[in-house]
Structure formats: C-alpha cells, structure tokens
*Asks:* 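Let me begin by handing over the structure; questions about it come next.
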Amino acid sequence: MQRFHHANRLHALPEQFFAKLVKDVNHYIQAGKDVINLGQGNPDQPTPDHIIASLQTAATNPGFHKYSPFRGYSFLKEAIATFYKREYNVTLDPETEVAVLFGGKVGLVEIAQCFLNQGDIALVPDPGYPDYWSGIAISGARMEMMPLLAENKFLPDYEQIPANIRKQAKLMFLNYPNNPTAGVATAPFFADTVKLAQENEICVVHDFAYGAIGFDGQKPISFLQTPGAKETGIEIYTMSKTYNMAGWRVGFALGNPSVIEAIELLQDHFYVSLFGAIQQAAATALLESQECVHQLVKTYEQRRNTFITGLQKIGWDVQAPKGSFFCWLPVPNRYTSTSFASELLDRAHIAVAPGIGFGKAGDNYVRVGLLTDEARLQEAVNRLNQLDLFD
Ligand SMILES: Cc1ncc(COP(=O)(O)O)c(C=O)c1O
C-alpha cells in the first residue's frame, strides 16, 4: 500500500499525551478490573429532555434539511446575545460580535490560524488545556508559557513575562474557571489583563468552557464584563459543559468584531454551519429555563464536597475547587505526576490525569474529574485510604 507523506504542519502537532492514559486504562478494564475512571473530562449526564425534544421537532422541519447559512442562523446568534445580556449583563451585537463554532475546541485552534504567522509568539498558561498548543503548532508560531502556581491562586503573574516577550506576543490564551487547576478569575485580574493587552496589542482569548460551574454561591465572571475587554479580545463559550451537550458540538466566539470577522472568514472556507435543528435546540437551551444548569452545578458541588472531605479525612492535604468540575490534587513529594497516577491505577484501579500532560508546571499534581456519582467517588476515597499514601 502506498504510504503518503504527511505535510510538515502535521509533524508539528504536539503528541497526544492522554492517548496513552486511555490505552493503559483500557488494558486494566480488559483484564477485568473495576476501574474508577476519574481521568477524563467528558460530562457523564444526559442532555436535558427539553433540549432533546427541541432537536426532535426541529429535525422534521424541511427548511433545516438544506444547507444552513454559512455563518449560522441569526436566531442562534440572537439567542447567545440574549443569554450574555441575561447572565452577565454584557451587550453583544449578534451580527458582528458573535460567531458560531463547531464546539469551543475548533475555535481555539482556528484563532491561532487567524492571527499567528510563522515565528510569532503566543502566551499560554502552564498547566493548560492542550488544544491551545495544537493551533499554535499548526500556525508555526512559538509558545511562551505563563506558569499557574498555587501561591498565585493559579493566575499568571504578568510581571514575570519579560518585556520583550510581552511586546512580541500576538495572542494570549486564558481559561477560568480553569482546566486543570480549577482556579477562578477575579475582576482585578481581568482588569490587569485588559491593561497588559492594550499596552502590548495582544489579542486575549478567554476560554470560558466552565463558565457555568461555580461553587459556594459564586458565579464565575465573564472576561467580557471587564471594561475594555471587547477592545482587546474575545471569549469562547461552549454548550458542552453548561448543558451536557459535548457530543452536539456547539460553541461560540464572542467579542471584538475584527476577531469575529477573521474567524467567520476562515470558517467560510472550511464549513457550512451546523445542522439547523442543532442550532434550534441550542437556542432553546440558551433561552428557556436554566433550572437544569442550577441542578447540574448542585450535583457537581455535592460530588466535590463528598470527594474533597473524604480525601481530607484520609490525610491528603487538598483544597476544595471553587469552579469547573475538576480537582487539582498535589502528589506526595516522592512521586512525579506520572509515577503517582501509575501507582493509583496499578494498586487501586483509579485512573487520574497526570498533571505533566497539561504542561511542565503541572508535574506536582494529578487532575480528577468529578464525573461519576458520589457513591463511586466515595469508593475511590476508600480505595485510596487502603494504600496508606498520606501521613
Ligand atoms: C478548557 C477547555 N476548553 C475548551 C474545551 C472544548 O470544549 P468543546 O470543544 O466541547 O466546546 C474543553 C473541553 O474539555 C476544555 O476543557
């Protein structure tokens, strides 16, 4: 069989670190082990019924069987603008400040193609969501890492970025509530971000994937609530986590019109927009009762309480996350994140994500997803207790 050579841009793509983890977990499952998989970020609950019903009805509409408008239906862009006004008191022009995406992941990779040339610099959080690296690699640009440290509440310290790097940087990725650290942003931090971006003409891309998930009565803030934010960048929102719609592939880019126009232009050449019935169901999710979202956040909060209290009781010195559905847990000194994750899988059949997979600064941590029920999380705590790992 002829083997065709891949283009250089494919060789530039970063290694998929977590593919190996999935393989290891499957190996234990195939061997008949009862693995508690806390390593992934896939929401475990179904999409709410009223959203599915909306899709079912819309699927019978012949108007939706044709090509959708290239840039998406206006009713969906209007729905996201209404959602942002209602949830964050942010005003968006649906035509010029909203782009419909095939999920947030696609937008994060596209934005690098829109603004980075070969050799340009993008600022990236470390640890961070690996898809930022993918888009930057395809564009031939270079990453400068911004460490997210516990002592800074997992916010980057802009003072630590050398002046010449700040000046050269074209894009900056941020993500709060944060995957993997579960850190949350503050209004002063976002104000500093706008200042840095304005002084250095950096385009800020705030990934708000976990925007709906805040605990202890604290609603996560949108970057676009910050004065001046729309002049300096965009936010990327997704339906995946807020409405358990990860398989539906609906996301949005919101904010600076010149950035939105660049994304729309690129997408004109790659896609026709999403199936109209999916767009209709997404609008239903955004506009109708948000009770399902409140229930979801409550569920994650109860899981967090069970899990974190359980870990603290067995002597693991961990902090309760304030947002996202992740726990970012420090590994005992004698381990790396990989050796600790291997030990948990091997001895307790618990899968966690080693922090190194999110960047060098993650190597003292493992990430746990609260994506299984409380009984299973309690079982994980019980198994960990048997290992006698903590003093
Ligand atoms: C931080 C972060 N950003 C973006 C995404 C992408 O979400 P989607 O492509 O499903 O919209 C995820 C998904 O796990 C994520 O964790």
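Note that the structure is a prediction, hence the values are computed from the model and not measured. Start at 1 and go down the list; that is how both ligands and their atoms are numbered.
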*Asks:* Assess, by modelled atom type and distance only, whether the side chains of Lys167 and Asn200 contain a donor and an acceptor separated by less than 3.5 Å.
*Replies:*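 Yes, Asn200 and Lys167 have a side-chain donor paired with an acceptor closer than 3.5 Å.
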*Asks:* Applying ring pair (Phe, Tyr, Trp, His ring centres under 6.0 Å), can you list everything that pairs with Tyr129, at least two apart in sequence or on another chain?
*Replies:*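 Here the qualifying residues are Tyr132.
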*Asks:* Under the criterion side-chain contact (heavy atoms from CB on, under 4.5 Å), which of Leu55, Thr284, Leu274 is the partner of Gln279?
*Replies:*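 It is Leu274; the other options fail the test.
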*Asks:* Does the side chain of Ser74 pick up a donor-acceptor pair with the side chain of Glu95 at under 3.5 Å?
*Replies:*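 Judged by distance alone, the side chains do pair up.
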*Asks:* Angle between ring planes, Phe223 versus His206, binned at 30° and 60°: parallel, tilted or perpendicular?
*Replies:*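 Phe223 and His206: tilted rings.
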*Asks:* Under a plain distance cut-off of 3.5 Å, with no hydrogens placed, do Thr193 and Tyr158 share a side-chain donor-acceptor pair?
*Replies:*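 Present: a donor and an acceptor within the cut-off.
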*Asks:* Tell me the residues surrounding ligand 1, counting only those with a heavy atom closer than 4.0 angstrom, sorted by chain and number.
*Replies:*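 Around ligand 1, where the cutoff is 4.0 Å for heavy atoms, the contacting residues are Gly103, Gly104, Lys105, Leu108, Tyr129, Asn175, Asn179, Asp207, Ala209, Tyr210, Thr238, Ser240, Lys241, Arg249.
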